[in-house]
Enquirer: 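Just passing along the structure, written as structure tokens.
The chain is numbered in sequence order, starting from 1.
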Amino acid sequence: MSSSPLSTLSISATSDPKLSDPTQNQTSPKLKLKLSPKLNRWHRARSLRTGRRLDRPSSPNQTLQTAQPSPTTLQVREEKDNGDGDVEMKMSAKEIYMVSDGTGWTVEHSVNAALGQFEHCLVDRNCSVNTHLFSGIDDVERLIEIIKQAAKEGAMLLYTLADHSMAKSAKKACEIWGVPSTDILSPITEAIANHLGVSPSGLPRGAPGRDFPLSEQYFRRIEAIEFTIKQDDGALPQNLHRADIVLTGVSRTGKTPLSIYLSQMGYKVANVPIVVGVQLPKALFEVEQEKVFGLTINPMVLLTIRRARAKSLGFTSEMMSKYSEMEHVREELDFAGRIFAQNPVWPVIEVTGKAIEETAAVLLRLYHDRKQKYSMPRISKRY
């Protein structure tokens with residue numbers, strides 16, 4: 001049929017004159033990437049995994065603006081060594097659409113977790129990905145418009161739709177329009193329903209009819225966040241005994257973002273910086289030692305982070321030498337290492353290449369193992 005979605009997709013892919021004219025393809029923009037050292041692989045991977053988001057329609061009657069496929073999206077990737085060690089690449093970005101009838105948290109985190117399995121490709125082979133999140137999609141008309149746009153862009157669709165009828169419509173529309181798709185939520189929901197012998201509500205989070213009373217857990221989380229903010233960067237050491245978790249490490253090892261992340265889970269967290277020439281507060285050694293955790297990082301990665309931080313803050317050359325020079329970085333890490341060795345009860349977590357969520361998962365496993373009185377080695381160990 002001439003009006004089929006697959007025919008439309010084929011026409012759209014060749015409608016751009018730059019794609020059909022080989023002479024114009026030669027002048028298409030190229031992205032120049034410099035081969036990075038192995039130590040920077042983690043940073044490049046996370047940068048390439050960051051996708052843009054498209055605006056969803058503000059009303060059911062508003063249709064999505066369908067962008068014409070760009071040469072960058074549809075061109076086959078080419079590599080060419082220009083002779084000076086650089087590699088010129090024509091990007092061949094793949095599109096991933098994420099659709100949710102709620103906030104989109106579940107589908108977004110699921111996709112990011114899955115993309116983590118392809119960092120070797122995202123870094124070494126430059127198979128870049130653009131992710132687009134459409135949240136709050138609660139009627140079929142808007143859902144169909146998104147699927148049509150996905151078909152025109154050659155995207156795949158991943159969705160978490162609590163309403164069974166919406167999920168069924170998404171699956172059917174993707175089959176009609178030839179869009180590869182995966183239902184992330186339904187298989188899990190159905191498995192739990194069969195296990196419990198209870199039908200699911202079919203309502204997304206925040207939908208009318210789903211009331212969440214302010215529970216004790218909610219107020220604990222608010223209290224934990226307030227406590228953690230006040231205890232940031234070594235403030236009020238006299239309150240360390242009130243913390244559930246105490247983090248310590250040199251500057252830029254991620255103590256503050258990790259503290260805030262843990263506090264949103266209901267843990268009261270304090271963090272104490274380790275600075276050469278500055279004595280640590282006595283309270284750090286007087287509190288229950290099994291709730292203290294050290295953070296360390298690769299010196300080259302720390303140097304890169306500090307130089308970027310110093311540049312953003314407009315540090316002078318003299319200030320830069322004291323903060324973001326390799327000699328000073330190694331001195332601080334060695335100093336912190338000696339403190340960790342003197343306190344073997346503190347687990348030391350290596351944060352290089354880890355996302356905050358990954359570091360938090362390691363820390364909480366150790367924390368709860370200790371709370372359950374599992375046997376722990378009395379030597380300093382890095383995780």
Enquirer: Let me know which of Leu258, Val351, Ile260, Leu262 forms a side chain to side chain contact (heavy atoms under 4.5 Å, CB included) with Ile356.
Expert: Leu258
Enquirer: Quick one: closest heavy-atom pair of Ala235 and Lys230, and the distance?
Expert: CB-O, 3.4 Å
Enquirer: Output the distance between atom CG (Leu115) and atom OG (Ser110), rounded to the nearest 0.5 Å.
Expert: 11.0 Å
Enquirer: For the side chain of Thr228 and the backbone of Val269, is there at least one donor-acceptor N/O pair under 3.5 Å apart?
Expert: yes
Enquirer: If you take all heavy atoms of Leu284 and Gln289, which pair is closest and at what distance?
Expert: O-NE2, 3.0 Å
Enquirer: Could you pull out the closest heavy-atom pair between Ile147 and Ala170, with the gap in Å?
Expert: CD1-O, 3.9 Å
Enquirer: We want to know whether Asp233 and Asn271 form a side-chain donor-acceptor pair, criterion being a heavy-atom distance below 3.5 angstrom.
Expert: no
Enquirer: Side-chain heavy atoms under 4.5 Å apart, restricted to Ile/Leu/Val/Met/Phe/Trp/Tyr: what other residues fall into the cluster of Val275, or is it alone?
Expert: Val278
Enquirer: Less than 4.5 Å apart, any side-chain heavy atom of His241 and any of Glu288?
Expert: no
Enquirer: Examine distances only and state if a side-chain atom of Asp244 and a backbone atom of Lys268 form a donor-acceptor pair shorter than 3.5 Å.
Expert: yes
Enquirer: With the 4.5 Å side-chain cut-off for hydrophobic clustering, are Val111 and Leu185 part of the same group?
Expert: no
Enquirer: Just wondering, do Leu280 and Ile274 contact through their side chains at under 4.5 Å, heavy atoms?
Expert: yes
Enquirer: For side chain to side chain contact (heavy atoms under 4.5 Å, CB included), just list the numbers for Phe285 and Asn343, CA-CA rounded to whole Å, side-chain angles, deciding distance to a tenth of an Å, and then say yes or no.
Expert: CA-CA 9 Å; Phe285 306 98; Asn343 298 272; 3.6 Å; yes
Enquirer: Please verify the inter-ring angle class for His132 with Phe134; under 30° counts as parallel, over 60° as perpendicular, anything in between as tilted.
Expert: tilted
Enquirer: Quick one: does Phe118's side chain get under 4.5 Å of Val129's, heavy atoms only?
Expert: no
Enquirer: Going by heavy atoms in the side chains, are Glu95 and Asn130 under 4.5 Å from each other?
Expert: yes
Enquirer: Please examine the side chains of His328 and Glu331, heavy atoms only from C-beta on, and report whether any two atoms are closer than 4.5 Å.
Expert: yes
Enquirer: Hey, does the side chain of Glu190 reach the backbone of Pro187 with a donor-acceptor pair shorter than 3.5 angstrom?
Expert: no
Enquirer: Parallel, tilted or perpendicular, judged at 30° and 60°: which one describes the rings of Tyr367 and Phe293?
Expert: tilted
Enquirer: So does Ala162 get a backbone contact from the side chain of Asp101, meaning a donor-acceptor N/O pair under 3.5 Å?
Expert: yes
Enquirer: Taking only Lys NZ, Arg NE, NH1 and NH2, and the carboxylate oxygens of Asp or Glu, determine whether Arg306 and Glu325 approach each other closer than 4.0 Å.
Expert: no
Enquirer: Okay, side chain of Arg221, backbone of Gln264: is any donor-acceptor separation there less than 3.5 Å?
Expert: yes
Enquirer: Of all heavy-atom pairs between Lys255 and Ser259, which one has the smallest distance, and what is that distance?
Expert: O-OG, 2.7 Å
Enquirer: Checking Asn239 against Gln231: is there a side-chain donor and acceptor pair closer than 3.5 Å?
Expert: yes
Enquirer: So, for Ser135 and Gly102, which heavy atoms are closest and what is the spacing to 0.1 Å?
Expert: CB-O, 3.4 Å
Enquirer: Looking at Thr248 and Pro273, would you say the former's side chain and the latter's main chain have a donor-acceptor pair under 3.5 Å?
Expert: no
Enquirer: With a 4.5 Å cut-off on side-chain heavy-atom distances among I, L, V, M, F, W and Y, is there a chain of contacts connecting Leu302 to Met326?
Expert: yes
Enquirer: Would you indicate whether the side-chain heavy atoms of Leu157 and Val99 approach each other to under 4.5 Å?
Expert: yes
Enquirer: Quick one: does Asp138's side chain get under 4.5 Å of Leu143's, heavy atoms only?
Expert: no
Enquirer: Looking at Glu216, I'd like to know if its CD atom is crowded, meaning that more than 12 non-hydrogen atoms belonging to other residues, nucleotides or ligands lie closer than 6.0 Å.
Expert: no
Enquirer: Once rounded to the nearest 0.5 Å, what's the spacing between atom CD1 of Ile137 and atom CG of Asp163?
Expert: 13.5 Å
Enquirer: How long is the span from the CD1 atom in Ile225 to the CE atom in Met265, to the nearest 0.5 Å?
Expert: 12.0 Å
Enquirer: For the backbone of Asp183 and the side chain of Ser186, can you confirm whether one donor and one acceptor N or O come within less than 3.5 Å of each other?
Expert: no
Enquirer: Walk me through whether Val179 and Met156 qualify under side chain to side chain contact (heavy atoms under 4.5 Å, CB included).
Expert: CA-CA 6 Å; Val179 176; Met156 75 176 297; 5.6 Å; no
Enquirer: Taking atom CG of Leu333 and atom CZ of Arg330, what is their separation to the nearest 0.5 Å?
Expert: 8.5 Å
Enquirer: Answer yes or no: is there a side-chain heavy-atom contact under 4.5 Å between Glu153 and Tyr97?
Expert: yes
Enquirer: Mind checking the CD-NE2 spacing from Glu357 to His109? Nearest 0.5 Å is all I need.
Expert: 5.5 Å
Enquirer: Going through the distances and angles, do Ile297 and Ile305 end up as a side chain to side chain contact (heavy atoms under 4.5 Å, CB included)?
Expert: CA-CA 11 Å; Ile297 191 171; Ile305 294 172; 4.0 Å; yes
Enquirer: Give, for atom OG1 of Thr253 and atom CD of Glu350, the distance between the pair rounded to the nearest 0.5 Å.
Expert: 10.5 Å
Enquirer: Would one find more than 12 heavy atoms of other residues, nucleotides or ligands at under 6.0 Å from atom CD of Glu327?
Expert: no
Enquirer: Run Ile349 and Leu363 through side chain to side chain contact (heavy atoms under 4.5 Å, CB included) and show every step you take.
Expert: CA-CA 8 Å; Ile349 302 176; Leu363 187 150; 3.7 Å; yes
Enquirer: Which heavy-atom pair separates Ala336 from Val250 by the least distance, and what is that distance?
Expert: CB-CG1, 3.8 Å
